[in-house]
Every structure is written in structure tokens, then in C-alpha cells.
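Report on the structure given below.
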2 protein chains.
Amino acid sequence: MKELLRTKGFKSTPQRELIFDCFFSLGKHVSVDELYQKVRELDPSVGHSTVWRNLKLICQLGLAEEVNIGDGITRYDRTTPKPHGHFFCRNCKKLLEFDVGSVMGALVEAAHEFEFEPDGYKIEVQGYCSDCRQDDRTNDVATRSANDERKA
Amino acid sequence: MKELLRTKGFKSTPQRELIFDCFFSLGKHVSVDELYQKVRELDPSVGHSTVWRNLKLICQLGLAEEVNIGDGITRYDRTTPKPHGHFFCRNCKKLLEFDVGSVMGALVEAAHEFEFEPDGYKIEVQGYCSDCRQDDRTNDVATRSANDERKA
DNA sequence: TTGAAAATGAAAGTCGTTTTCAATTGGCGA
DNA sequence: TCGCCAATTGAAAACGACTTTCATTTTCAA
Ligand SMILES: [Mn+2]
Ligand SMILES: [Mn+2]
Ligand SMILES: [Zn+2]
Ligand SMILES: [Zn+2]
């Protein structure tokens, strides 16, 4: 990691190392705040803006990219060798990843027809995951959701 | 329009009629502010929050849905009989629409494998449109973009 | 016509993101 | 190793789109 940073002209700092480590240990779809919390467990002196800036840096380095599911919170997703799609559950807010190999061909073809030069794909399917299916109202999360809707 | 509103239990007001008309005359991918500007040309007394609220109402009625391309601005897109995808040009920010019929099958199938019940699809391809292709640096927009990047 | 409910507009509040700025620090060259 | 300078940091403030509040006005069914 130090090496990657140096070759790209960035300095290595304790905060930066910590933030990078935490990001990659947390896994997929991490928000600034989630990462901030994690980092603070190990070093409470690290600032919010430093976490934010280094998350941006991680993106610049091509190690992650922003994911925006429309809830106003930007999440950072480790880049995968192949692009992947997301199933976003409207109820429990989980993001499931799935392979998009089978749709890429059609997308590339469509792009070609429009003389559009694609360099990024965002494929997101919204709905309800197996735990939250609407025909399965007996589990906890669904019940909670029903209550939420009633209140709103 | 009055009728649709009334049957759904909403009142008809001059502002509401104006906002609805302007929205449908503006076309696709309209932001609150764009619509607000347009409405104000015809009636400067209409408030920002009224435009916002009615845009939400238009969505509730199923006449439009929110589109989030990650630039922090929510846009409202008239619903189409069939779902469509977007090509988003990183340079000129244009949104081109394309038919996603050819990818829906694969998506539905993938969803089925995950026992995921889909009810919304967001298919967005980023890149450069024909006017802004990177191998075509002679046109205005691309040149402007190059200048922008130099400044930044 | 009249009253309850809905709608409006200005203003303020919210909240995640981004910038500012003074202080600190890493890393290269002497 | 030392010293310098640009990069980095952290606190705080600024930003900006979105959302809510509330007093007032308007709609529309009875
Ligand atoms: Mn992902
Ligand atoms: Mn569209
Ligand atoms: Zn779920
Ligand atoms: Zn373009």
C-alpha cells in the first residue's frame, strides 16, 4: 500500500494507512460515517475530513467507487475485476451483489448504436430480498416495516 | 388532469395545475430548480416548496420517478410504459435514453436466482456521448472540458 | 354559504458533503 | 542527519439540496 501511494505521488501517513486498512477490512458499501466510526475505534484522534478525503483518494487510485442508491448517503464500494450489479432491498436496505456478465453484451451493443463510449456501468434493481418478501409478513423486519408505514 | 387529481383525493389549485403543465412541457429529467424557474416565468409568486411538493405528488401519482445520477441533484423523469436505461455523458451531462428490453430478461433471471422480488430497475451507463468522444477533441464542448480540467 | 381539510409560501431546519485555514508532518535534497 | 517545503491533517465553518414548520389562504363537499 505504501508503495502504491508513493508511486502515485502521495505521502504515507499513519492516519492514511489506518483509514485504508479499515476500509478494506470493512468490506463492501461503506459510508464515510461507518468508516469514520471504525477508524475512531482504533484512533479517536482521526478527523472526519481526513476520512472523507482518503476515501476520495481511494477512489482516485481506482480501488473503490462511489455508489449512490438515492438515500442521500454516498457509499464506497471496492472495485471488482468485473462490474457487478446490486439488488437493493427497499425494506432492510441490504445491497446484494450479482454478476452482470449476462447483460453487458446487450448494454455494450446499445451503447454502440448510440455512438456512446461507455466507461462505467451502474445496474441496480430495487425490490424486496428473500427475507423481506411482501408475501412473507411474519418475520421481524417486515413487521417492523409495516409498522413504520402505518406511522408515516 | 383535474380529474386524475380529484379521483385520487387531491385538490386542484392554480399553482398545482401550472406546475403539472410546466413539468410535462419541460420533458425528461427535470430538477426541482429547473421546474421552479420555468414555473416562475409564468407566475413569479409560486414558492419553491410548492414546486417541490408537487413534484413529489407527481411521483406519488405514478407519473414520474426520481432519477439520481450521483451529482447530488434529484431529477424527475416522466414514467415510460417500459423501463428505460440512461447513457450519462460525463462531459456534457446529457442523459440519453435507451431501450432495456434486451437486458430485462437477464436481470429478472438473476433476481429469481437470488429470490429477490424486483419492482424497479436503474440501468445507467456512464461515459462519453458522440459529441464528446475523447477521440474527438475538436468540438466546442470537448475543448471547453479540456480547459476546465486544466483549471481544476 | 360555510367549515374542515388541504394547499401554499416564506423561512428556518436538517444533514451529508466540501472547503477553509492554521498547525503538523513526511520525505527529499543538501 | 538536518532543514525545508509541499502535502496532510483536524476543527470548524460553509455549502447546498432537500425537507419541515407554521401562519395564512384556498378548495370543495355538505
Ligand atoms: Mn457492490
Ligand atoms: Mn429517462
Ligand atoms: Zn430485505
Ligand atoms: Zn456529451
Side-chain angles (χ1 to χ4, degrees), chain A residues 1-23 29-37 39-40 42-61 64-76 93 151-152, chain B residues 1-23 29-37 39-40 42-61 64-76 93 151-152:
Chain A
M1 189 51 61
K2 266 190 166 63
E3 309 76 52
L4 174 63
L5 284 170
R6 198 156 317 163
T7 62
K8 298 280 187 174
F10 297 101
K11 292 183 177 177
S12 168
T13 69
Q15 296 94 330
R16 179 161 287 168
E17 293 295 327
L18 177 60
I19 291 167
F20 275 52
D21 287 349
C22 286
F23 175 71
H29 317 130
V30 181
S31 68
V32 177
D33 234 54
E34 285 166 353
L35 181 54
Y36 177 62
Q37 298 306 329
V39 166
R40 289 219 130 207
L42 301 170
D43 181 352
S45 72
V46 177
H48 174 90
S49 39
T50 300
V51 173
W52 178 80
R53 279 186 289 236
N54 277 288
L55 227 20
K56 288 288 185 185
L57 177 58
I58 288 171
C59 290
Q60 274 185 54
L61 294 173
E65 50 192 37
E66 301 191 348
V67 176
N68 228 283
I69 55 179
D71 65 350
I73 294 176
T74 303
R75 288 163 192 283
Y76 295 80
K93 316 300 183 193
K151 270 193 296 183
Chain B
M1 186 51 59
K2 264 190 167 64
E3 308 76 53
L4 174 62
L5 284 170
R6 197 154 321 162
T7 61
K8 298 280 185 172
F10 298 100
K11 293 182 177 176
S12 168
T13 69
Q15 296 94 330
R16 178 162 287 170
E17 293 294 329
L18 177 59
I19 291 167
F20 275 53
D21 287 350
C22 286
F23 175 71
H29 317 129
V30 181
S31 68
V32 178
D33 233 54
E34 284 166 354
L35 181 54
Y36 177 62
Q37 298 306 330
V39 167
R40 289 219 130 206
L42 300 171
D43 180 352
S45 73
V46 176
H48 173 90
S49 40
T50 300
V51 173
W52 177 79
R53 279 185 288 234
N54 278 287
L55 227 19
K56 289 286 185 186
L57 178 57
I58 287 170
C59 290
Q60 275 185 54
L61 294 173
E65 51 191 37
E66 302 191 348
V67 175
N68 228 282
I69 55 180
D71 65 351
I73 294 177
T74 303
R75 288 163 192 286
Y76 296 81
K93 316 298 183 194
K151 270 192 296 184

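Only heavy atoms go into these numbers, but all of them, side chains included; no hydrogens, no water, no symmetry mates. So that the names make sense, note that chain A is the first sequence line, chain B the second, and so on, each numbered from 1. Since we're looking at a predicted model, the values are computed, not measured.
A:Phe20 is listed as a side-chain neighbour of A:Leu5, based on a closest heavy-atom distance under 4.5 Å. The closest side-chain heavy-atom distance from A:Leu55 to A:Glu66 is not below 4.5 Å. With contacts defined as side-chain heavy-atom distances shorter than 4.5 Å, the pair A:Arg16/A:Thr50 does not qualify. Taking the side chain as every heavy atom from C-beta outward, B:Glu34 and B:His29 never approach each other to under 4.5 Å.
For D:dA7, neither phosphate oxygen OP1 nor OP2 lies less than 4.0 angstrom from any side-chain nitrogen or oxygen of A:Arg16. Remark: B:Gln15 is in phosphate contact with C:dG9, judged by side-chain N or O atoms under 4.0 Å from OP1 or OP2. Residue A:Asn54 has a polar side-chain atom (N or O) positioned under 4.0 Å from OP1 or OP2 of D:dT9.
D:dA30 is paired with C:dT1 under the criterion used here, namely a Watson-Crick or G-U wobble arrangement in which both key atom distances are under 3.5 Å.
One can place CD of A:Glu17 at 14 Å from C1' of C:dG27, the figure rounded to the nearest angstrom. Distance B:Glu3 CD to D:dC28 C1': 16 Å, rounded to the nearest Å. One atom, CG of B:Asp71, and another, C1' of D:dG16, lie 12 Å apart when rounded to the nearest Å. Atom CD in B:Glu66 sits roughly 15 Å away from atom P in D:dA17 (whole-Å rounding). For the pair B:Leu5 CG and C:dA7 P, the interatomic distance rounds to 9 Å; values are reported in whole Å. Between the C1' atom of C:dT8 and the CG atom of B:Leu55 lies a distance of 16 Å, rounded to the nearest Å. The interatomic distance linking A:Asp33 (CG) with C:dT18 (C1') rounds to 15 Å, in whole Å. Remark: P of D:dA6 and NZ of A:Lys8 are 24 Å apart, rounded to the nearest angstrom.
Among the atoms of the strands shown, only primed sugar atoms or phosphate atoms (P, OP1, OP2) are found under 4.0 Å from some heavy atom of A:Thr74. Heavy atoms of A:Pro44 sit nowhere under 4.0 angstrom from any nucleic acid atom. Residue contacts shown for A:Arg53 include a base, since a base heavy atom lies under 4.0 Å away.
Of the candidates D:dT27, D:dG10, C:dG27, the closest approach to any side-chain atom of A:Lys11 belongs to C:dG27. The side chain of A:His48 sits closest to C:dT17 out of C:dT17, C:dT8, D:dG10. Residue B:Thr50 places its side chain closer to C:dG9 than to any other of D:dA12, D:dT9, C:dG9. Among the nucleotides D:dT9, C:dA10, D:dT27, the one closest to any side-chain atom of B:Thr13 is D:dT27.
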Verdict with reasoning, B:Ile58 to B:Tyr76, per side-chain contact (heavy atoms from CB on, under 4.5 Å): CA-CA 9 Å; B:Ile58 287 170; B:Tyr76 296 81; over 6 Å; no
From CA spacing to verdict: side-chain contact (heavy atoms from CB on, under 4.5 Å), A:Asp71, A:Lys93: CA-CA 10 Å; A:Asp71 65 350; A:Lys93 316 300 183 193; over 6 Å; no
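In terms of position along DNA chain D, the nucleotide closest to B:Ile73 lies nearer the 5' end than the nucleotide closest to the other residue of the pair B:Ile73 and B:Phe10. Each of B:Tyr36 and B:Ser12 was matched to the nucleotide of DNA chain C holding its nearest heavy atom; the match closer to the 5' end belongs to B:Ser12. Toward the 5′ end of DNA chain D lies the nearest nucleotide of A:Arg40, the other residue of the pair A:Arg40 and B:Lys56 mapping further downstream.
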